[in-house]
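Order of the sequence lines sets the chain letters (A, B, ...), proteins ahead of strands, with each chain counted from 1.
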Protein chains: 2
Amino acid sequence: MSDVARTAGVSVATVSKVVNGRYGVARATVERVQQVIHELGYEASLGAQSLRSHRTNVLGILLAEFEPFSTELLKGASQEVAGSGYQLLAYSSGDGEGAAVGWERRSLARLSGTLIDGAVIVTPTVVETENNFHVVAVDPHTGPSHLPTVDSDNFAGAVLATNYLLSLGHTRIGHISGRTDLMSAQLREAGFRSAMAEAGVPVDERLVRPGGFRIETAAGPAAELLGLADRPTAIFAGNDLSAISTMAVARDMGLCVPDDLSVIGFDNVPESALVNPPLTTIMQPLQRMGAEALRLLVDLIAGVERDTHIRLPTELVIRSSCRPHR
Amino acid sequence: MSDVARTAGVSVATVSKVVNGRYGVARATVERVQQVIHELGYEASLGAQSLRSHRTNVLGILLAEFEPFSTELLKGASQEVAGSGYQLLAYSSGDGEGAAVGWERRSLARLSGTLIDGAVIVTPTVVETENNFHVVAVDPHTGPSHLPTVDSDNFAGAVLATNYLLSLGHTRIGHISGRTDLMSAQLREAGFRSAMAEAGVPVDERLVRPGGFRIETAAGPAAELLGLADRPTAIFAGNDLSAISTMAVARDMGLCVPDDLSVIGFDNVPESALVNPPLTTIMQPLQRMGAEALRLLVDLIAGVERDTHIRLPTELVIRSSCRPHR
DNA sequence: TTGAAAGCGCTAACAG
DNA sequence: CTGTTAGCGCTTTCAA
């Protein structure tokens, strides 16, 4: 900025005013400065700017890692943000979901004082809201949260999945549940149990194991389930990654999906269509969730009064990983 | 930080030393300060820290928008970065590819002085390297570039695609080319022409139109091609999004893919398997490209001597959007 | 209409 | 071993 100031023969204060479109600068000066800015290709440093002004027009999306779930949200958010005047900054603590818990708190602390005007946090565990800084959670932690939230109807989706398996004649149905700290995972398991009870089919507790929502963490539980002498004939996986992991484990054990084992997932990330056979799953409108989260955040910042809890519907997507029992 | 200092009864300078693990602080003091930091949940502000120290351990990935191509790169980069001690920050100028050109220069200027230690830029047009700041380009602008680069063998991939169509008996083959400023788009068109020439099949210039690599920008050209009285029997789209767009246009015009029209794409983004019929395409190892780009960047920063141009192979992925002619 | 000066949260010399 | 001080690039009074 001092380069610009020197070249244009003004002070940095004046350049700042021009950059920010403040009143009280002569027309001619504005033009001259803008000219120089253009020539030099000057762009204000985000770091310095935010440090001083606490307003950056940048919105943050905080996530543990870039995996299919969060990148779908990102796509939706990205479309929504276009033309809003905001820029998007996706930040990953980088250690992956497995390592350091509390990444959401740390990332938020690191960015919120400065740099971003608000944040959407993906699958956060604990977040204490700071005053005057807006946060919206996507698929948050279990328990009552005061946070503005976007999620989908996980319970209904799980019922959908379980009923589909039931309708195919399966009764020995296993469930690989998700991150036990997440509301969504609990609701999916609850939906599973509810549908089973409704159908009068008892749940064998040995067939229900936590899989952590990730490929690596789901492989173990999947192997245990499939290694049982009386193994399940169908598995409802807590999300698509767990389902994909389960299918890989099944293949390694010489089982054929769907002939020997039906598998249904949850999420409908694009990857679910890439596996062989293509995965039957429950769709959450992920891109729309990302878009809604972003819109909600923008509204919150703008002070718009509105509903701060958005729940979107889920839907059964039938592909080829399930087949009738027997 | 001053809160921490006050609570611990030391100066901010001392806190800073503790935070950064500098020598010259008494054991007892270190422990006390760390205790307070933990209690207060203090985390250094990225903005302030970077402004002063010019070292943040954050690597940037700059992109025009979060679409399937760049999010695949992100997934690969995210896996590669785990355990490297770096964090990842993906930044989107937000106006979408359509709007403001020069986003890469602006984003870079905004973040590079501070905030990030290096950047990978996705499909950049023009980037002047600043000294002492490391940048690697993925799928860069046409023309000789001094930038460290990661890309795939676009020419060979295009030949693969064209030969496949040719082998199916097609001769009226259209090509929806990509962003004309990108090396990759030019090479794909060149590969197409080369394969056609090799086969002795003339290229009808009316069947070659630029599609800009995006759903919205490809729809027009696709409609023009398919509206021709002697429309092509097969189309090689410059990337998967163009192919998906072409399929949608074809459907709207009452054409059936692949019966009335064969379509082949390029990229193999996960979305290509989601459309109906699933898209036959040329695979670029996108996640690996993201991982390689990140590793290259880390090496550059570390001062490792190594090859700074990485080209990965492409591959034909046959699904259901192409069929023999007649 | 302009610029001098203070300060955002932090780090690095340097002095004590 | 610890604190004082200057300053990173910017914005914002406030006085000229």
Side-chain angles (χ1 to χ4, degrees), chain A residues 1-34 36-37 40-58 106-117 130 132-133, chain B residues 1-34 36-37 40-58 106-117 130 132-133:
Chain A
M1 183 176 262
S2 62
D3 279 0
V4 174
R6 195 172 335 106
T7 311
V10 296
S11 71
V12 293
T14 302
V15 176
S16 173
K17 283 170 194 156
V18 171
V19 167
N20 296 287
R22 298 276 175 276
Y23 291 113
V25 184
R27 187 84 114 117
T29 311
V30 171
E31 276 166 16
R32 182 156 35 95
V33 171
Q34 275 171 341
V36 174
I37 285 176
L40 267 47
Y42 167 81
E43 205 72 25
S45 152
L46 217 208
Q49 198 168 44
S50 68
L51 187 56
R52 187 60 233 245
S53 71
H54 289 197
R55 219 321 164 136
T56 58
N57 283 318
V58 176
R106 287 203 312 284
S107 295
L108 195 57
R110 199 117 203 268
L111 303 183
S112 72
T114 49
L115 283 182
I116 55 178
D117 295 346
E130 323 197 0
N132 202 26
F133 183 81
Chain B
M1 184 176 261
S2 61
D3 279 0
V4 174
R6 197 173 333 106
T7 310
V10 295
S11 72
V12 292
T14 301
V15 176
S16 172
K17 283 170 194 156
V18 172
V19 167
N20 296 287
R22 297 276 174 277
Y23 291 115
V25 184
R27 187 86 114 113
T29 312
V30 171
E31 275 166 16
R32 181 154 37 94
V33 172
Q34 275 172 342
V36 174
I37 286 177
L40 267 48
Y42 167 80
E43 205 73 25
S45 152
L46 218 207
Q49 198 167 46
S50 69
L51 186 54
R52 188 59 235 245
S53 71
H54 290 195
R55 218 326 162 131
T56 57
N57 284 317
V58 176
R106 286 203 312 285
S107 296
L108 195 57
R110 200 118 202 266
L111 304 183
S112 72
T114 50
L115 282 181
I116 55 178
D117 295 346
E130 321 195 1
N132 202 24
F133 184 81

Q: I'd like the 5' and 3' limits of the part of DNA chain D contacted by chain B, with heavy-atom contacts below 4.0 Å.
A: D:dC1 to D:dG9
Q: Between A:T14 and C:dG3, does any side-chain N or O lie under 4.0 Å from OP1 or OP2?
A: yes
Q: Please determine whether a side-chain nitrogen or oxygen atom of B:Q49 lies at a distance below 4.0 Å from atom OP1 or OP2 of C:dG9.
A: no
Q: Looking only at non-hydrogen atoms, find the nearest pair between B:T56 and B:S50 and report the distance.
A: CG2-CB, 3.1 Å
Q: Does A:L46 form a side chain to side chain contact (heavy atoms under 4.5 Å, CB included) with A:L115? I'd like the steps, not just the answer.
A: CA-CA 7 Å; A:L46 217 208; A:L115 283 182; 3.9 Å; yes
Q: Mind checking what makes side chain to side chain donor-acceptor pair (under 3.5 Å) contact with A:R22, not counting sequence neighbours?
A: none
Q: With a non-hydrogen cut-off below 4.0 angstrom, is A:S16 in contact with a base, only sugar-phosphate, or nothing?
A: base
Q: Within this structure, what is the CE-to-P distance between B:M1 and C:dA12, rounded to whole angstrom?
A: 11 Å
Q: Tell me the closest heavy-atom pair linking A:A5 and A:V12, and the distance in Å.
A: CB-N, 3.7 Å
Q: In Å, rounded to the nearest 0.5 Å, how long is the span from NZ of B:K17 to OG of B:S11?
A: 6.5 Å
Q: Five pairs per end, C1' atoms only: what is the angle between the end axes of the helix from C:dT1-D:dA16 to C:dG16-D:dC1, to 10 degrees?
A: 40°
Q: How long is the straight-line distance from CZ of B:R110 back to OH of A:Y42, given to the nearest 0.5 Å?
A: 9.0 Å
Q: Measure the CD1-OG1 distance between A:I37 and A:T7 for me, rounded to the nearest 0.5 Å.
A: 10.5 Å
Q: Mind calculating the distance between CZ (A:R52) and P (C:dG9) to the nearest angstrom?
A: 10 Å
Q: May I ask you to say what A:V15 touches in the nucleic acid, namely base, sugar-phosphate or nothing, with a heavy-atom cut-off under 4.0 Å?
A: nothing
Q: Run B:L51 and A:R52 through side chain to side chain contact (heavy atoms under 4.5 Å, CB included) and show every step you take.
A: CA-CA 11 Å; B:L51 186 54; A:R52 187 60 233 245; over 6 Å; no
Q: Just to be sure I understand the rule, does A:S50 reach a base, reach only the sugar-phosphate, or reach nothing, if contact means heavy atoms closer than 4.0 Å?
A: nothing
Q: Tell me, please, which residues at least two apart from B:S112 pass side-chain contact (heavy atoms from CB on, under 4.5 Å).
A: B:L108, B:E130, B:F133
Q: Give every donor-acceptor pair under 3.5 Å between a side-chain atom in residues 24-34 of chain A and any protein atom, sequence neighbours left out.
A:
{"unit_1": "A:R32", "atom_1": "NH1", "unit_2": "A:A8", "atom_2": "O", "d": "2.4"}

Q: How long is the straight-line distance from OG1 of A:T14 back to CE of A:M1, given to the nearest 0.5 Å?
A: 10.0 Å
Q: Within residues 17-27 of chain B, find the residues that approach DNA chain D with a heavy atom at under 4.0 Å, and present them sorted by residue number.
A: B:K17, B:G24, B:V25, B:A26
Q: In this structure, how many angstroms lie between the C1' atom of C:dC8 and the CG atom of B:L51, rounded?
A: 9 Å
Q: Could you check B:V30 against A:S2 and say which one's nearest nucleotide on DNA chain D is further toward the 5' end?
A: B:V30
